[in-house]
Amino acid sequence: MVMSTAWQVVEYPDGEVLGEQFALTEMELPDVADGHVLVRNTWTSVDPGLRLRLRPSAPSGYFAAFPLRRPMDGILTVGVIEQSRAEGFPVGSCVWHSYGWRSHAVVDPGKAAMNGLASLRVLDLKRAPAQAYLGPLGGMGLTAYAGLHVIDALDGAGTLWVSAAAGAVGSLVCQIAKFSGLRVVASAGTDEKVAWLRNDIGVDAAFNWRAGPLEESLRAVAPEGLDFYFDNVGGTHLEAALEAMNNNGRVSLCGSISDYEREAVGPRNLFLATSKNLTLRGFRGSAHAPLLDIMQERLAPWLADGRLAYRESIYEGLESAPAALADMMAGRTVGKTMIRI
Ligand SMILES: NC(=O)c1ccc[n+]([C@@H]2O[C@H](COP(=O)([O-])OP(=O)(O)OC[C@H]3O[C@@H](n4cnc5c(N)ncnc54)[C@H](OP(=O)(O)O)[C@@H]3O)[C@@H](O)[C@H]2O)c1
C-alpha cells in the first residue's frame with residue numbers, strides 16, 4: 001500500500017490566502033491497476049489560477065473549484081514513475097500530470113486532464129531540466145505564446161505593454177515579443193523586478209507600477225501609444241491600457257490577478273474599445289494545447305543557449321505550498337513560483 005501526503009483546502013479564503021486555510025493529510029492510494037502508473041512527484045506548480053478555485057465555485061468555464069477536504073487535483077506537476085503497468089510509460093521516466101500538491105499519485109494515462117494539457121506525458125530531460133516543464137516549456141510558455149498568437153502579435157510591429165512582467169507568464173511574453181520584433185515596455189511591482197526586466201529580460205523600458213500613476217508611467221515609456229497590451233492584471237491596469245491604446249490596437253486578456261482576492265474594479269472606460277476600434281481577446285492557454293509542440297520547438301533552443309532569461313522562485317518541501325501561494329499573490333516572488341517536493 002502506498003500513502004501520499006496531500007494538501008486539502010479546509011476553508012475558502014475571504015481575501016488573502018493564509019496557511020491555516022489548508023491541511024496536510026495522509027491518504028491511501030489505490031493499487032496500480034492495469035494501464036496505470038504510480039508517480040512520485042518532484043515539482044509542483046503555484047499559480048494565480050489556484051486562487052480562483054479556492055471558493056465554492058470557480059468562474060464559469062474555468063477549471064473546477066477545489067472541493068473542501070479533498071486532494072487538490074488539476075495542478076500541473078512533474079514527477080518520476082515508480083511503478084508502471086502502462087505501455088510507453090517505463091519506470092524511471094520523468095512525466096507531468098495533474099495531481100499536484102501531493103507527494104504521490106496513481107495516474108491513468110488515458111484520462112485527459114486540464115483540457116488535455118496535463119494528461120500524463122513523458123518529458124524530454126535532454127531538452128531542459130524537469131522543472132522547466134512547469135515554466136517556459138509548460139503551461140507558462142504555452143500561455144505566453146498563445147496569448148501573443150491570438151492577437152497576431154508574433155509577427156507584428158509596434159509597441160507592446162506587458163503587466164506583471166517579472167512573473168512566470170509575463171517574463172516569457174516580454175522575451176517572445178522582443179524576439180518577434182516588437183518594442184516591449186513592461187511593468188512590475190518592485191524596483192528589483194524592474195531592474196531585472198531592463199538588464200536581463202531585455203525590454204526596451206520598464207517601470208514600477210506602485211511608484212506613480214499608471215497613465216503617467218505609460219506616457220513616459222510609450223509616448224507613441226500602445227499597439228498591443230498583454231493583460232495579466234485587469235482592473236486599473238486594463239483601464240490605463242485602454243487610455244493608452246492606439247486606434248486598432250489589440251489586447252490579450254490573459255488574467256486579472258488584481259481581482260482574485262478582492263472585489264473587481266473597472267475598467268470604467270470600456271467604451272474606448274469601441275471608439276478606438278480595439279480588439280480585446282480573452283483566452284486560456286490550455287485551450288491552445290496544439291500550440292504546445294510549436295512553442296517548445298521555439299523556446300527550447302533559446303533556453304538551452306541562454307538567450308531566454310529565466311528565474312524560478314523555488315520553495316522547499318510540500319509543506320511550503322500555501323506560503324508560496326500567499327507570497328506569489330502578494331508579489332513577493334519573481335519568475336515561476338514552484339515547490340520542490
Ligand atoms: N489565460 C491563461 O491560460 C493563464 C494561464 C496562466 C496564468 N494566467 C494569468 O496570468 C497572470 C500571471 O500569472 P503568473 O503565473 O505568471 O503569475 P506571476 O506573474 O508569476 O505572479 C503574480 C504576479 O502578479 C502581480 N500582482 C499581484 N497582485 C497585483 C495587483 N493587484 N496589481 C498588479 N500586479 C499584481 C505580482 O507581481 P508585481 O510584484 O510585479 O506586482 C505577482 O508577482 C495571472 O493573472 C494569471 O491568472 C492566465
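Numbers here are sequence positions counted from 1. In each ligand, atom 1 is the first atom listed, and ligand 1 is the first ligand listed.
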Handout entry: Geometric cation-pi criterion, Arg55 with Tyr12: 6.0 Å, 45°
Key = no
Exercise for the section: Answer yes or no for Arg284 and Phe63: cation-pi contact, defined as NZ/CZ to six-membered ring centre under 6.0 Å and angle to ring axis within 45°. Expected result: yes
Enumerate the atoms of ligand 1 whose separation from the nearest heavy atom of [X] is less than 4.0 angstrom.
| X | answer |
| --- | --- |
| Arg284 | 1 (N), 3 (O) |
| Gly255 | 9 (C), 45 (O) |
| Ala188 | 40 (O) |
| Gly335 | 20 (O) |
| Ser258 | 30 (C), 31 (N) |
| Gly331 | 36 (C), 39 (O), 42 (C), 43 (O) |
| Gly189 | 38 (P), 39 (O), 40 (O), 41 (O) |
| Met329 | 27 (C), 28 (N) |

What part of [X], side chain from CB on, backbone N/CA/C/O, both or neither, has a heavy atom under 4.0 Å from ligand 1?
| X | value |
| --- | --- |
| Ala146 | neither |
| Val233 | side chain |
| Lys336 | neither |
| Val169 | both |

Completion exercise
Tightest non-hydrogen contact, residues Met245 and Leu278, listed as CB-CD2, 3.8 Å
Fill in the blank from the handout: Heavy-atom nearest pair, Phe89 first then Ser84, reads O-OG, 2.6 Å
Starting from [atom], what is the nearest protein heavy atom, named by residue and atom, and what distance separates them?
| atom | result |
| --- | --- |
| atom 4 (C) of ligand 1 | Thr143 CG2, 3.5 Å |
| atom 47 (O) of ligand 1 | Tyr260 OH, 2.8 Å |
| atom 24 (O) of ligand 1 | Ile257 CD1, 3.6 Å |
| atom 21 (O) of ligand 1 | Met328 CG, 3.6 Å |
| atom 20 (O) of ligand 1 | Ala168 N, 2.9 Å |
| atom 19 (O) of ligand 1 | Gly167 CA, 3.2 Å |
| atom 48 (C) of ligand 1 | Cys254 O, 3.1 Å |
| atom 3 (O) of ligand 1 | Gly285 N, 2.7 Å |

With no hydrogens and no angle check, just 3.5 Å: does a side-chain donor-acceptor pair link [X] and [Y]?
| X | Y | value |
| --- | --- | --- |
| Trp209 | Ser217 | no |
| Asp191 | Asn208 | yes |
| Asp31 | His36 | no |

Do any nitrogen or oxygen atoms of [X] come within less than 3.5 Å of a nitrogen or oxygen of ligand 1?
| X | result |
| --- | --- |
| Gly49 | no |
| Pro48 | no |
| Trp209 | yes |
| Asn232 | yes |
| Lys193 | yes |

Handout entry: Check: Gly266 main-chain N/O paired with Asp259 side-chain donor or acceptor under 3.5 Å
Key = no
Handout entry: Backbone N/O of Arg268 and side chain of Glu239: donor-acceptor pair under 3.5 Å
Key = yes
Exercise for the section: Apply side-chain contact (heavy atoms from CB on, under 4.5 Å) to Asp231 and Trp161, showing your working. Expected result: CA-CA 8 Å; Asp231 187 24; Trp161 175 30; over 6 Å; no
Practice task
Mind telling me whether Phe22 and Trp7 have parallel, tilted or perpendicular rings, with 30° and 60° as the class edges?
Solution key: perpendicular
Problem - Residues Trp196, Ser171; criterion side-chain contact (heavy atoms from CB on, under 4.5 Å); working and verdict - result: CA-CA 10 Å; Trp196 182 60; Ser171 58; 3.8 Å; yes
Practice task
Would you check whether Ala166 reaches within less than 4.0 Å of ligand 1, judged by its heavy atoms?
Solution key: no
May I ask you to decide whether [X] forms a salt bridge with [Y], counting only side-chain N to carboxylate O separations under 4.0 Å?
| X | Y | answer |
| --- | --- | --- |
| Lys336 | Asp47 | yes |
| Glu316 | Arg340 | yes |
| Arg127 | Asp293 | no |

